[in-house]
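Nothing fancy with the numbering, it's 1 onward along the sequence. The analysis underlying the following values was restricted to heavy atoms, covering all of them including side chains, and did not include hydrogens, waters or symmetry mates.
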Amino acid sequence: MKIAAVFALTFLTSLPLAFAQESDEANAVLQTERDLATAYLKSDAEGIAQGVMEDYTLTDSMGKITTRADDIGEARKNDPKYEIFENYDMKVRLHGDTAVVTGKTHTKGVSGGKPFDFQFQFTDTFVKDGGRWRLLAGHVSKLPSKPSTD
C-alpha cells in the first residue's frame, strides 16, 4: 500500500512539470507562427527561409500547392505587399516533435497591382528541427467576406 501511495504521489507531483514543459513547447510553436507572420508581412525572405522547412508546401484556398522557393521568391519581389498579415484564434496540439496549429489569418495588401483583403482558416504543421520549430506544411481555406455595414 505504501508503494502505491509513493507512486501516486510521485506521479501527481510530476504532472505540473509535464504540463509546464508542454506549455513551454506550445508557446514556442505559437511564437514561431507569429514570427513567420511578421516575416511574410515584412517580405523578409531570410526570415521565411529560416522558419519553413526545405520541403515545405502550402495548399492555398484555390487548391494550388506552393513551395518554400515560391514564398521566398514572392518576398524578394515584394509581391504581394502586405499591410496586414495577422494570425489569431490560434490553438496548438503537440505530438512529440510535431505540432499542429489551427487558427485564422487576416491578410490585406496589394498583389499584382490589385488590392486584397481576406480572412482565412488555416492548419499549419510544424516539426522540431535542430532544436527549433519549423513549418513543414500548411493549408488555408478562405472565409466568407463579412457583409458591409455601410
### Task
Please list, chain by chain and in numerical order, all residues satisfying ring pair (Phe, Tyr, Trp, His ring centres under 6.0 Å) with Tyr56, sequence neighbours excluded.
none
### Non-neighbouring partners of Phe122 that pass ring pair (Phe, Tyr, Trp, His ring centres under 6.0 Å), sequence neighbours left out
none
### Over 12 non-hydrogen atoms of neighbours within 6.0 angstrom of CZ in Arg93
no
### Query
Distance only, no hydrogens: is a donor on one side chain within 3.5 Å (strictly under) of an acceptor on the other, for Asp70 and Thr67?
yes
### Task
Could you grab the distance from atom CD1 of Ile65 to atom CG of Leu58, nearest 0.5 Å is fine?
9.0 Å
### Message
Side chains of Gln31 and Asp35 only: does a donor on one sit below 3.5 Å from an acceptor on the other?
### Response
yes
### Task
Look at the aromatic rings of Phe85 and Tyr82 and report parallel, tilted or perpendicular, splitting at 30° and 60°.
perpendicular
### Message
Tell me which pairs pass ring pair (Phe, Tyr, Trp, His ring centres under 6.0 Å) where either residue lies in residues 123-143, with sequence neighbours left out.
### Response
none
### Query
Could you go step by step and tell me if Glu54 and Arg68 meet the side chain to side chain contact (heavy atoms under 4.5 Å, CB included) rule?
CA-CA 6 Å; Glu54 287 71 13; Arg68 177 180 189 256; 4.1 Å; yes
### Message
Show, in sequence, the C-alpha distance, side-chain angles and deciding distance for Asp71 and Val52, and conclude whether the side chain to side chain contact (heavy atoms under 4.5 Å, CB included) test is met.
### Response
CA-CA 10 Å; Asp71 287 6; Val52 301; 5.7 Å; no
### Task
Might you work through the side chain to side chain contact (heavy atoms under 4.5 Å, CB included) test for Lys128 and Arg134, ending with a clear yes or no?
CA-CA 6 Å; Lys128 200 157 198 184; Arg134 296 180 72 202; over 6 Å; no
#### Entry: Asn87 versus His106, side-chain donor and acceptor atoms under 3.5 Å
no
